[in-house]
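We number each residue from 1, following the sequence as shown.
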Amino acid sequence: MDENIDQLERRCPRLGGPVLFAYCKTSSDDHSVCWKIFDCWWECFDVVGYLKKILPEDKFKKLSNSKPKQKIVSLVELVEQAKKRVS
Ligand code: SF4
């Protein structure tokens, strides 16, 4: 499953061309997860849940606590809550 996720592709707003999700997991200067990863991938799959599962807790918190990402995490949480209400 994780292998399939790594092969997902989308247009990168920073590079202007297609990238694989695998790239987004290592595209920061220090080869860690790109700070825009929640923003870019939340519509494709449960990127919050996925990263929460694979990242050490401190790294996940650091990633999700910056302001732009916090908004996206909140949005994803709202979508998840709405899905639960519907099902
Ligand atoms: S997460 Fe980062 S590297 Fe990946 S598509 Fe978005 S901006 Fe580009």
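- Proximity of a side-chain donor or acceptor of Arg10 to a complementary backbone N or O of Cys40 within less than 3.5 Å is detected.
- A pairwise comparison of heavy atoms in Leu51 and Phe38 identifies CD1-CE2, 3.7 Å as the closest pair.
- Salt bridge Lys61/Glu57: present, at least one basic N to carboxylate O contact under 4.0 Å.
- Under the 4.5 Å side-chain heavy-atom criterion for ILVMFWY residues, no single connected hydrophobic cluster contains both Trp41 and Tyr23.
- Aromatic rings of Phe21 and Tyr50 (six-membered ring for Trp) have centroids within the 6.0 Å cut-off, being under it.
- Considering only heavy atoms from C-beta on, Arg14 comes within 4.5 Å of Cys34 through its side chain.
- Smallest separation of non-hydrogen atoms from Asp39 and Trp42: O-CD1, 3.3 Å.
- Closest approach of Arg11 and Gly16 over heavy atoms only: NH2-CA, 3.6 Å.
- Rounding to the nearest 0.5 angstrom, the gap separating the CD1 atom in Ile5 from the SG atom in Cys24 is 12.5 Å.
- You'll find the side chain of Val47 reaches within 4.5 Å of the side chain of Phe45, heavy atoms only.
- Heavy-atom contacts from other residues, nucleotides or ligands closer than 6.0 Å to CG of Asp29 number 12 or fewer.
- The NZ atom of Lys25 sits 8.5 Å away from the CG atom of Leu55 when rounded to the nearest 0.5 Å.
- The two residues Glu80 and Asp46 come nearest to each other via the heavy atoms OE2-OD1, 3.3 Å.
- Val33 and Val19 end up in different hydrophobic clusters when Ile, Leu, Val, Met, Phe, Trp and Tyr side chains are linked at under 4.5 Å.
- When atom types are taken as modelled, the side chain of Ser32 and the backbone of Ser28 share no donor-acceptor pair closer than 3.5 angstrom.
- For the residue pair Leu20 and Gln7, the shortest heavy atom distance occurs at CD2-O, 3.4 Å.
- Phe60 and Val48 make their closest contact through CE1-O, 3.6 Å (heavy atoms, listed as atom of the first residue, atom of the second, distance).
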